[in-house]
Amino acid sequence: MNVWLLSIVGVVSLGVLLEILLADGETSKYIKGVFALAVVLVLVSPLPKFLNKDFDMNEFFGEEITTQTTFLDSVTTRKNSEREQRVLKELKNANFPVQRVRIFYLHNDYEYIDVIKIYVQGSVDETKIAEVVSKKIGCKKDKIKIYVT
């Protein structure tokens with residue numbers, strides 16, 4: 001990908017230089033026509049890779065996709081951690097002896113909560129905890145599991 005972009009920049013730069021150096025006349029029209037053909041060839045040069053049946057996007061784009069995936073994973077992990085902290089704070093504000101809150105997602109899709117595990121110390125009213133958490137996050141109460149330590 002980088003080689004292709006560099007070749008485009010090089011051809012365009014060469015075209016500007018050619019435009020400056022060529023005098024107006026009959027020959028310059030032919031030279032500009034040949035040069036335009038060269039520009040088109042440089043632009044379409046990666047197409048055979050796309051038409052190849054064994055085409056691999058990672059081979060074409062390199063490590064850029066991996067970097068983006070890593071970045072997105074870190075953002076979603078931080079979002080999940082902040083969500084857990086908000087639920088924990090809400091439960092502590094409601095005077096529940098909560099130690100920890102963990103939220104797990106269905107197939108790592110952060111829009112669909114699979115289960116919420118709440119670890120509390122001592123005996124508590126589990127229905128009230130489930131009510132507070134359900135209201136805070138907006139999930140069904142049957143997805144909330146409470147563990148007493």
Side-chain angles (χ1 to χ4, degrees), residues 1-21 31-149:
M1 177 86 172
N2 292 336
V3 173
W4 180 61
L5 290 175
L6 284 174
S7 64
I8 291 173
V9 170
V11 166
V12 169
S13 300
L14 187 62
V16 170
L17 184 65
L18 189 68
E19 185 73 31
I20 292 171
L21 294 177
I31 293 174
K32 287 179 185 176
V34 170
F35 186 74
L37 181 63
V39 170
V40 169
L41 289 175
V42 167
L43 288 175
V44 299
S45 65
L47 284 180
K49 283 188 176 181
F50 283 120
L51 300 176
N52 188 359
K53 291 181 182 177
D54 299 331
F55 179 71
D56 184 16
M57 289 298 283
N58 288 333
E59 182 181 314
F60 185 72
F61 289 108
E63 296 296 320
E64 295 171 13
I65 293 176
T66 306
T67 304
Q68 292 295 333
T69 304
T70 304
F71 172 72
L72 291 175
D73 286 343
S74 69
V75 168
T76 53
T77 301
R78 194 176 88 209
K79 179 181 174 183
N80 183 40
S81 178
E82 290 173 358
R83 185 182 272 179
E84 290 173 351
Q85 292 301 318
R86 282 195 310 265
V87 171
L88 181 65
K89 184 178 178 183
E90 186 76 25
L91 289 171
K92 286 191 175 187
N93 287 343
N95 294 324
F96 291 112
V98 179
Q99 293 178 325
R100 194 168 129 194
V101 174
R102 294 282 302 167
I103 302 174
F104 298 94
Y105 298 91
L106 192 62
H107 304 294
N108 291 328
D109 186 352
Y110 288 91
E111 298 300 318
Y112 301 103
I113 294 175
D114 185 32
V115 66
I116 301 172
K117 294 183 178 181
I118 301 172
Y119 300 91
V120 296
Q121 193 172 20
S123 62
V124 293
D125 186 3
E126 294 182 11
T127 57
K128 286 186 180 183
I129 290 178
E131 206 171 282
V132 170
V133 173
S134 176
K135 188 186 295 184
K136 182 68 179 173
I137 293 186
C139 71
K140 296 180 181 178
K141 292 179 183 176
D142 64 337
K143 295 190 180 268
I144 301 168
K145 306 294 182 202
I146 299 171
Y147 300 95
V148 180
T149 59

Inter-residue atom distance [X].[atom1] - [Y].[atom2], 0.5 Å rounding:
X      : Y      : atom1 : atom2 : answer
Arg102 : Tyr147 : CZ    : OH    : 12.0 Å
Tyr105 : Asn80  : OH    : CG    : 3.5 Å
Ser13  : Leu18  : OG    : CG    : 12.0 Å
Tyr119 : Ile146 : OH    : CD1   : 12.0 Å

- Message: Check this for me: does any side-chain nitrogen of one of Arg86 and Glu90 sit under 4.0 Å from a carboxylate oxygen of the other?
- Response: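 Answer for the salt bridge query: no.
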- Message: Would the distance check show the side chain of Thr77 and the main-chain N or O of Asp73 forming a donor-acceptor pair, the cut-off being under 3.5 Å?
- Response: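 Looks like yes, one N/O pair under 3.5 Å.
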- Item | Check: Glu126 and Val120 side chains under 4.5 Å, non-hydrogen atoms |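 Result no, sub-4.5 Å side-chain heavy-atom pair not found.
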Using residues 91-100 as the side-chain source, report each donor-acceptor pair under 3.5 Å to any protein atom, sequence neighbours left out, with the distance given to one decimal.
| residue | atom | partner | partner atom | Å |
| --- | --- | --- | --- | --- |
| Asn93 | ND2 | Lys89 | O | 3.4 |
| Gln99 | OE1 | Thr149 | OG1 | 3.2 |

- Message: Looking at every heavy atom in both Val42 and Ser7, which two are closest together, and how far apart are they?
- Response: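 Closest heavy-atom pair between Val42 and Ser7: CG1-OG, 3.6 Å.
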Listed pairs under 3.5 Å, donor-acceptor, residues 128-145 side chains, sequence neighbours left out:
| residue | atom | partner | partner atom | Å |
| --- | --- | --- | --- | --- |
| Ser134 | OG | Cys139 | O | 2.7 |
| Lys143 | NZ | Ile113 | O | 3.3 |
| Lys145 | NZ | Asp142 | O | 3.4 |

- Contacts of type side chain to side chain donor-acceptor pair (under 3.5 Å), residue Glu19, not counting sequence neighbours: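 Only Lys32 meet the side chain to side chain donor-acceptor pair (under 3.5 Å) criterion with Glu19.
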